[in-house]
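Given the structure is predicted, the values throughout are model-derived calculations rather than measurements. Chain A is the first sequence line, chain B the second, and so forth, proteins listed ahead of strands; every chain is numbered from 1.
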There are 2 protein chains.
Amino acid sequence: MLSMRAHANSAPPNSGCVHRYGYGVRILVATCTVDYVGRLTAHLPAAQRVIMVKADGSVLIHADGGSYKPLNWMSPPCSLKEKEAEAEEDHALWLVENKAGEQLRITIHEVQHDSAHELGIDPGLQKDGVEAHLQVLLATHVNVLGDEWSLVRREFPTAIGPVDLMCKDANGGSVAVEIKRRGEIDGVEQLTRYLELLNRDPLLAPVSGVFAAQEIKPQARTLAEDRGIRCVVLDYEALKGTEDPSLRLF
Amino acid sequence: MLSMRAHANSAPPNSGCVHRYGYGVRILVATCTVDYVGRLTAHLPAAQRVIMVKADGSVLIHADGGSYKPLNWMSPPCSLKEKEAEAEEDHALWLVENKAGEQLRITIHEVQHDSAHELGIDPGLQKDGVEAHLQVLLATHVNVLGDEWSLVRREFPTAIGPVDLMCKDANGGSVAVEIKRRGEIDGVEQLTRYLELLNRDPLLAPVSGVFAAQEIKPQARTLAEDRGIRCVVLDYEALKGTEDPSLRLF
DNA sequence: GGTTGTATCTCGGCT
DNA sequence: AGCCGAGGTACAACC
């Protein structure tokens, strides 16, 4: 019944019916057909592929190309039932199913490789350079947006969500700032909704808008400027260069 | 210089400096540290992971959990340079780089498994049940939207892109229909832009709007109805059940 | 090649 | 648990 053991370098000769959780990654290279029935239906004709089964039961079917996305897969948590090939048949059937009833049926025709490996817990990825960091950086350098500008607060709350930065310009006027890594139409629409709402508040109005991003797509710029929103392209490296080390996220 | 051979079941004992394209998948299980420098910077501390190198040079770093997304990766096309561990050092360095100058540096501390496999070309995934199919189905059943409605055309062209369906209601009024699998705010904004444009055309105006989806998020519904756009939840299975077999996409 | 819109998106944060 | 926004989004279709 045990389909793999910790630190095993190859799969046991008589692999069982149920995949056990917590025993590492199993890697198969095999000719297989795969059918997914769930949020959509999809079918993979017979071909040689890499099948990876992770400790949480999730399954990935990779071809020798494409990017990191598998041809087909099942996300955890899910259960894997393995039916051994019968004597007169030349294939095994794996039935992978999750709580929502989505199914992955893998028919294994010929196995080229089969091994299992214990990996342990991963410390995880450390990121830098994303929107959250841009927001922190710009919040400490609102002068980039205009002389004598000051920060009111980050994540300024509104009924439809927080505005990235709320500032005061040199004349004391309120300015809502939307920050993106890449400025596209969606971001302009988002800022527009904020501005419409904020300008209904007599204590704040008039509120002007700034759309700030490392890169602003032409269509987004056109839409923004047509609505009286100023566009500012941010230089991440320059902002980072002037950064006070004590303000670092990491 | 040759790092793997076709149909090899294990990596050659003296793997070289350059990964050769077109020779299948290489799978490593090893303790490694990984650094990505590109659109962001990211770091993976030392841990045991699965490293998959595909024929096109792309690299995937998988942990024993999470979903199909690798912890870190490099998309093709890219080149992989492998520097052998020197005698007194206990690690090898892989340098993966793409045309844009993004880099993945993989330091291999200890190898638990190393094998290569020729897979051949994959016939690819056959899908069903996506938005294109919903559009075809609804186009043939516009009566779902209202009695005596008729289809003017699918993909009705406008200056800012095609409207999914253009219909006439029982009174001969024009109706623009936006179809999504999941109806969210973006879809409402998209339809709003179409309606604004279409209503500037005196030959068409007035044009009303229908937002049709298998599932409509509350915020999207609120926004749509506030703008006078009717929301319709589609039953995919019911539409499919009444389908003329000759109209199938597949 | 750039742009647009979808995705079995995935992933994280927050309510 | 659901909702919402961001992503090294990836990916395909279309212009």
Side-chain angles (χ1 to χ4, degrees), chain A residues 34-43 58-61 66-76 78 96 98-104 124-125 127-135 155 157 160-162 164 178-182 184-187 189-190 213-214 217-220, chain B residues 35-42 58 61 65-76 78 98 100-104 124-125 127-135 155 157 159-164 178-187 189-191 193 213-222:
Chain A
V34 184
D35 284 278
Y36 168 76
V37 179
R39 283 168 279 187
L40 56 71
T41 60
H43 173 74
S58 59
V59 179
L60 288 64
I61 317 281
S67 191
Y68 67 67
K69 194 175 175 182
L71 290 167
N72 221 328
W73 71 94
M74 183 62 75
S75 302
C78 55
V96 190
N98 71 5
K99 301 291 176 184
E102 298 172 78
Q103 277 191 351
L104 200 63
L125 189 67
K127 283 188 183 184
D128 185 13
V130 286
E131 184 186 323
H133 205 173
L134 264 185
Q135 193 188 98
E155 303 286 347
I160 55 172
D164 288 338
E178 177 65 33
I179 303 170
K180 296 287 180 193
R181 198 177 62 75
R182 289 191 317 186
E184 302 183 9
I185 276 184
D186 285 358
E189 298 285 14
Q190 192 182 343
Q214 280 184 276
K217 292 292 171 75
Q219 294 206 353
Chain B
D35 284 279
Y36 166 75
V37 179
R39 281 168 279 186
L40 56 71
T41 60
S58 58
I61 316 281
S67 191
Y68 69 66
K69 194 176 176 180
L71 291 167
N72 222 330
W73 72 93
M74 184 62 75
S75 302
C78 57
N98 69 5
E102 298 172 79
Q103 277 190 351
L104 200 64
L125 190 68
K127 285 187 183 185
D128 185 12
V130 285
E131 184 188 321
H133 205 171
L134 263 184
Q135 194 189 95
E155 302 286 348
I160 56 173
V163 176
D164 288 339
E178 178 66 32
I179 303 169
K180 297 284 182 196
R181 196 177 63 76
R182 288 193 314 187
E184 302 183 10
I185 276 184
D186 286 359
E189 297 286 12
Q190 190 184 344
L191 179 54
R193 288 195 295 273
Q214 280 185 274
E215 176 195 353
I216 296 180
K217 293 293 171 75
Q219 293 205 352
R221 177 181 292 275
T222 303

Under 4.0 Å protein heavy-atom contact, by nucleotide of nucleotides 9-15 of chain C - B base, S sugar-phosphate only: SSS----
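Both A/Glu102 and A/Lys217 sit near DNA chain C, but only A/Lys217 has its closest nucleotide nearer the 5' end. In terms of position on DNA chain D, the residue among A/Glu184 and A/Ile179 whose nearest nucleotide sits closer to the 5' end is A/Ile179.
Contact record, A/Asn72 with A/Tyr36: OD1-CB, 3.5 Å, taken as the closest heavy-atom pair. Heavy-atom minimum distance, A/Gly66 versus B/Ser58: O-OG, 3.8 Å. The nearest pair of heavy atoms linking A/Ile185 to A/Ala220 is N-CB, 3.8 Å. Nearest heavy atoms, B/Glu178 versus B/Gly187: CG-O, 4.1 Å. Counting all heavy atoms, side chain and backbone alike, A/Val96 lies closest to A/Met74 at CG1-CG, 3.6 Å. Across all non-hydrogen atoms, the minimal contact from A/Gln135 to A/Asp164 is NE2-OD1, 3.4 Å.
Interatomic distance, A/Leu71 CG to B/Leu125 CG, rounded to the nearest 0.5 Å: 6.5 Å.
Distance B/Leu40 CG to D/dA10 C1': 15 Å, rounded to the nearest Å. The separation between B/Glu189 atom CD and C/dG5 atom P is 13 Å, rounded to whole Å. What separates CG of A/Leu71 from C1' of D/dC11 is a distance of 13 Å, to the nearest Å. Going from atom NZ of A/Lys99 over to atom C1' of C/dT8 covers 19 Å, rounded to whole Å. Summarising the geometry, the separation between OH on B/Tyr36 and C1' on D/dG7 is reported as 11 Å, rounded to the nearest angstrom. What separates CD of B/Glu155 from P of D/dC14 is a distance of 8 Å, to the nearest Å. Straight-line distance from the CE atom of B/Met74 to the C1' atom of D/dA10: 15 Å, rounded to whole Å. Rounded to whole Å, atom C1' of D/dC4 lies 18 Å from atom CZ of B/Arg221.
For the C1' atom pair drawn from C/dT8 and D/dC14, the interatomic distance equals 24 Å after rounding to whole Å. Here the separation of C/dT6 from D/dG7, taken at their C1' atoms, is 15 Å to the nearest Å. Rounded to a whole angstrom, the distance from the C1' atom of C/dC14 to that of D/dG8 is 24 Å.
Proximity note for A/Lys180 (side chain, C-beta onward) versus D/dA6, C/dT6, D/dG8: the nearest is D/dA6.
At least one side-chain nitrogen or oxygen of A/Gln190 sits closer than 4.0 Å to the OP1 or OP2 atom of D/dA6.
Residue-level contact check: B/Leu125 touches the bases, meaning some heavy atom is under 4.0 Å from a base atom.
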